[in-house]
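In what follows, a structure is listed as structure tokens, so that the remarks can point back to it.
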Amino acid sequence: MNRNEKPKLAIVIPCYNEELCIENTVKRLFEVLNDLISKNKILADSYIYLVDDGSKDSTWDIIANLHNENTLVKGAKFIRNFGNQKALLAGLEGVRDLGCDCVVTIDADLQQDENVIENFVDEYMLGNDIVFGVRNDRKTDSFFKKTTALMFYKTMNILGAKIQVNHSDYRLVSKKVLDIMHLYPEKSFFLRGFFNELGLKTSHVKFDVKPRIAGCSKFSFTSLMSLALNGITSYSIVPLRIVAVIGFFMAVFAFIMGLDIIFEKVFFHNSPAGWATETILLCAFGGIQLFCLGIIGEYVGQLYREVKARPRYIKDIELK
Ligand code: UDP
Ligand code: MG
């Protein structure tokens, strides 16, 4: 069903060491907001909410100055770096508390084309609760990032954890989604999996990715790996089943081998020779077992984090 009331829009930006980008980004996003206000598409008290994820540079000072000049710039500062997913989460929870009808999340480097925010709002007015920004191509990505991203989407889909391909956290969600999100107590919350399993009215908007305006990527190989592993262990138990199936077939194989050895010994008095075969099999099975233990370990780790129930993030200061 279409919506009639124009919304109060919040824009959430996670920032980690973004002193080179942030001022420019906020300025540009206000141009977008003002354009939408003049087109009568959003309310005039729509605002920007920046989450400083424990930056070590002057990012927070810049945010505080921008807030002093204009209170439509709001934000929070973490006591330390909790990672981009936690910063996004804090932003979404922050704007839910401050009040808004819908919220767009976008990166501080404006790599995602900010002009399509208007299309996001149009889709929201058509009654969509989630609007995914989907990138047209991966031209600006390195070969490494392209390949690992493709592997990630493929693996997730094979494992049954369906996530939107070529969508990274550039999206609009409605207040209703924020309220549902509030019901999820998970500590290692995987946003992309969550938005995909909701089943609310969803649409997509295509956009182009630009090169970073300044600075460099804040993601390392290990942080990308840990994001991917969290995604898998949060939304799929297929790896555990694969482990069980491998274990079952290994046991059957060992049983048949055992029978064969007894058979040869009893009927042909012929003990099988060849320590090489034995060593290879030992190593192969040892490897498979350790790999399977590792997979189980990932899930135990996930449980460990959830059971300890430590705060997802800790805010130091908040500017409302
Ligand atoms: N970011 C964050 N915490 C981190 C790493 C990144 O809040 O620990 C933010 C970063 O400031 C940016 C967004 O997450 O706004 C995406 O990061 P980046 O542009 O470095 O990632 P890439 O575009 O290379 O995937
Ligand atoms: Mg970027």
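As the structure lists them, so they are numbered: ligands from 1, and atoms in each ligand from 1. The basis for the numbers below is simple: all heavy atoms, side chains too, and nothing from hydrogens, waters or symmetry mates.
In Glu23, the CD atom is not crowded: 12 or fewer heavy atoms of neighbouring residues, nucleotides or ligands sit closer than 6.0 Å. Counting heavy-atom neighbours within 6.0 Å of Lys27 NZ, excluding the residue itself, gives a total of 12 or less. Residue Lys146 qualifies as enclosed at atom NZ: its count of foreign heavy atoms under 6.0 Å is above 12. When the shell of 6.0 Å around CZ of Arg241 is examined, it contains 12 or fewer heavy atoms from other residues, nucleotides or ligands. Counting non-hydrogen atoms of other residues, nucleotides and ligands closer than 6.0 Å to CZ of Phe285 gives a total above 12.
Residue contact check: Cys15 has heavy atoms under 4.0 Å from atoms 7 (O), 11 (O) of ligand 1. Close contacts of ligand 1 with Ser217, meaning ligand atoms under 4.0 Å from a residue heavy atom, involve 20 (O), 21 (O), 22 (P), 24 (O). The distance from ligand 1 to the heavy atoms of Asp109 drops below 4.0 Å at these ligand atoms: 19 (O), 23 (O). Close approach of ligand 1 to Lys218 is summarised as follows: ligand atoms under 4.0 Å from at least one heavy atom of the residue are 5 (C), 6 (C), 18 (P), 20 (O).
Using a 4.0 Å cut-off between heavy atoms, Pro14 contacts ligand 1 through both its backbone and its side chain. Both the backbone and the side chain of Asp107 come within 4.0 Å of ligand 1, counting heavy atoms alone. Contacts with ligand 1 closer than 4.0 Å are made by side-chain heavy atoms of Glu18 only, the backbone lying farther away. Of all the heavy atoms of Asn17, none lies under 4.0 Å from any atom of ligand 1, so neither backbone nor side chain is involved.
In terms of N/O distances under 3.5 Å, ligand 1 is approached by Ala108.
Here Ser217 does not reach the Mg ion (ligand 2): none of its N/O/S atoms is less than 2.8 Å from the metal. Distances from the Mg ion (ligand 2) show that Asp109 has an N/O/S atom below 2.8 Å.
Under the side-chain contact (heavy atoms from CB on, under 4.5 Å) rule, Leu33 has a single partner from Leu72, Ile48, Ile117, which is Ile48. Checking Arg3, Lys201, Lys175 one by one against Asp129, the salt bridge (charged side-chain N to carboxylate O under 4.0 Å, His left out) holds for a single residue, Arg3. Partner of Glu93 under the side-chain hydrogen bond (donor to acceptor under 3.5 Å, both in side chains) criterion, chosen from Lys315, His182, Arg312: Arg312.
In terms of protein heavy-atom proximity, atom 3 (N) of ligand 1 is nearest to Asp53 OD2, 2.6 Å. The protein heavy atom nearest to atom 21 (O) of ligand 1 is Phe219 CD1, 3.2 Å. The protein non-hydrogen atom at the shortest distance from atom 23 (O) of ligand 1 is Gln111 OE1, 2.8 Å. Arg212 NH2, 3.4 Å is the protein heavy atom nearest to atom 18 (P) of ligand 1. Closest protein heavy atom to atom 8 (O) of ligand 1: Asn81 ND2, 3.1 Å. Ranking the protein heavy atoms by distance from atom 14 (O) of ligand 1 puts Asn84 ND2, 3.0 Å first.
Aromatic pair Phe120/Tyr170: centroids less than 6.0 angstrom apart.
Within the 4.0 Å heavy-atom shell around ligand 1 one finds Lys145.
Aromatic ring orientation, Phe78 versus Phe82: perpendicular (interplanar angle above 60°, classes split at 30° and 60°).
Donor-acceptor pairing under 3.5 Å is recorded for the side chains of Ser220 and Ser223.
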